[in-house]
Amino acid sequence: MRMALLADVHANLEAFRACLEHAREQRVDRYAFLGDLVGYGADPAPVVEWVMHSVAQGSVAVLGNHDQAVALGPSASMTAEASQAVKWTRSQLAASQLAFLGALPMTVEQGSCLYVHANAWDPAGWEYLTSGQDVGRSLAATRCRQTFCGHVHRPALYHLSPAGTVSHFDPVAGTGIPLGSRRRWLVIAGSVGQPRDGLPAASYATFDDQGDVLTFFRVPYDTAEAARKVRAAGLPEALGRRLEAGV
Amino acid sequence: MEQSRLQAGMSIDGFRLEERLHQGSMASLWRVVPADGGPPLVMKVPSLHQEDDPAAIVGFEVEQMILPTLSGIHVPRLVASGDFSKQPYLVMELVPGESLRPRFDRAPLPAEEVASIGARVAAALHDLHGQHVIHLDVKPSNIMFRSTGEVVLIDYGLARHDHLPDLLAEQFRIPMGTAPYMSPEQIRRTRSDPRSDLFALGVMLYHLLTDARPFGNPGSVRGLRRRLYRDPVPPRARNPDCPPWLQEVILRCLEVDPAQRYQTAAQVVFDLQHSDQVALTERSRRLRRDGIVKVMRRWMKTLATEGELANSVVGRLAKAPIVLVAIDVAQGSAGLDRGLRVAARRVFESEPGARLACVTVLRTSRLAVAAPPTVDAEGRNLRVTRLVELKHWARPLDIAPGRVTYHVLESADPARAIIEFATSNKVDQIVIGARGSSPLRRYLGSVSSQVVAEADCTVTVVKAPS
């Protein structure tokens, strides 16, 4: 079975559609949404609607900090931009869509795979994985061999050897990586709707349980249109600009 | 689980173990046959004893990761792979015949044989590098020959794939490789430079030619580091039959600084196949090692130098392409000649490591029963005339001697000759002129369009302004 791993869509419909189409060409069987479906972007309703439908058919979806904020109201720790986007997003969603977001689980475990937005040791604390040490802490908090997450907005692969060393790998798009069974792996799928590694193209990954092969992809999409919609919605100018630069 | 329990007659995942071919510290090799019939294969099973070096197991993981990504005649075909959760193994094609190892017992070998072995190993390395992989353990026992003569590189336990995580790099803090063959940058723990494989190739060729190892077989890191500053005894000092060109090639492979070596394995293939065209430098003339002052100066330098951050493997190959320019010196026109020079310069000058091979074809008659004429109507040697014309064509490009070569091919089928030359010399790009619609073209057919259709590499077709 081949799973598409989609993180941090952030209501960017152009990027989302481009990735879904690309994933179909990769003959993906199922989807895993790794949190933050909304926030920042101009199309929360169509994105949530699509995911609700997909989850009803068996897709995995976990809660992100933006999803939680939209469902419950912004938290005090959010930036002004994020907070403004959260308020606007709430106004765009139907009650059923808000309820769907609010009911998303923090984590999902299936077989040897853990799906979580931020980290495994305290999923609701939303702490970022920024170092090998953080990743070691997350891997120590789960018995799953593979952890799939988002939140960081930069694609990355970490592996933990039986000797206890955590190593980082900067993935190359399009190359299948077999995740060998002797080590444990943590995959950050990058962001579909707001990549921050200097490359504007949407980032996602696929995982095929035949041979445990992970493949990262970068999918170019119409960033100008997504940015235009952000501006037209009256959302902060910077949220549009960063899509075109990928920062 | 433990390989010590493996016995002939046992069956693993449908492969019957027939005979243990080799028992090493890292792994054992078995000849196996598939239960459903078919030719015998090789099964590699890693050593899993707890007290063993973890490098054995990680090396096996690395091989399991890299081998499935490789293809072509220069690598063993992978048949099956067993996971660590049950019984780890790799089943590969059985390459019949010997490795390069036994040839070392017959060293010193004649220069032609050393060059022929070297060219075939380098061709295999170039193919591997083109697939994003550096071998990093090139040595005689890892080189097999197919019955057709091509080299098969085996054992990818220390290899590095440019686009896959390097499971070895971060776990082990000591240099990894086989002591006599390890490149200076590997000793400094750089595992990302394809030119490391060319250093190991140089060590093997040196040994085959002289029956001595250029840097011995040191048993300590300190001993390994000696090659960073102590140059080897020149091959000609050990074997007076070594021609200067072969010493040039070998010592260039053995340069401490990778930037001073050949930049690609294809360039090594090229020089070993065209010994008359090797640009001889001071390296070819050396008869003794450097004096103590020079060595001390280099030793001081090693203390300050760190390994350079390497480019990607394939990126490195792209920086040093071999460009073939096909010039019809007999039937060409001044306009087309100029156009070819402009196009060749554009391709050539954009990459600092590029090499230019200027080729012309001396057409022989398809129907000739007697040998083709070797002299023209005025009695001049045709090959020499063509060579002079080729050099004249290239003169305005003003290329340093080591970066340009000249070749007069003889064939009844010019396009085929150009394509075959490009294939056997690992050419990256062909620049060729099109005659346009001349009566000659109608009579002879288009050489350029056949080259475009049949060559494996990029072809640029140049047209003269009408």
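No hydrogens, no waters, no symmetry mates; every other heavy atom, side chains included, goes into these values.
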*Could you check whether the rings of A:H66 and A:Y40 sit parallel, tilted or perpendicular, using 30° and 60° as the cut-offs?*
tilted

*Say you draw a straight line from CZ of B:F199 to CG of B:L136; how long is it, rounded to the nearest 0.5 Å?*
13.0 Å

*Distance from B:S28 atom OG to B:R20 atom CZ, nearest 0.5 Å?*
5.5 Å

*Structural part of A:S181 lying under 4.5 Å from a heavy atom of chain B*: both

*Output the residues of residues 16-27 of chain A for which the shortest heavy-atom distance to chain B is under 4.5 Å, in residue-number order; output 'none' if no such residue exists.*
none

*Contact listing (chain B partner; residues 139-159 of chain A; heavy atom under 4.5 Å)*: A:L157, A:H159

*Please check if the side chain of B:Q263 supplies one atom and the backbone of B:A259 the other of a donor-acceptor pair under 3.5 Å.*
yes

*Do the side chain of A:D67 and the main chain of A:D36 share a donor and acceptor less than 3.5 angstrom apart?*
yes

*What pairs with A:T107 under side-chain contact (heavy atoms from CB on, under 4.5 Å), at least two apart in sequence or on another chain?*
A:L114, A:V116, A:P123

*Taking all non-hydrogen atoms of both residues, which atom of A:A61 and which atom of A:V51 are closest, and how far apart?*
CB-CG1, 4.4 Å

*Taking the six-membered ring where the residue is Trp, are the ring centres of A:F207 and A:W185 under 6.0 Å apart?*
no

_Side chain proximity check, B:D155 to B:E63, heavy atoms < 4.5 angstrom_ = yes

*Please collect all side chain to side chain donor-acceptor pair (under 3.5 Å) contacts where either partner lies in residues 128-138 of chain B, sequence neighbours excluded, each pair once.*
B:D127-B:Q131, B:H129-B:D197, B:D137-B:T178

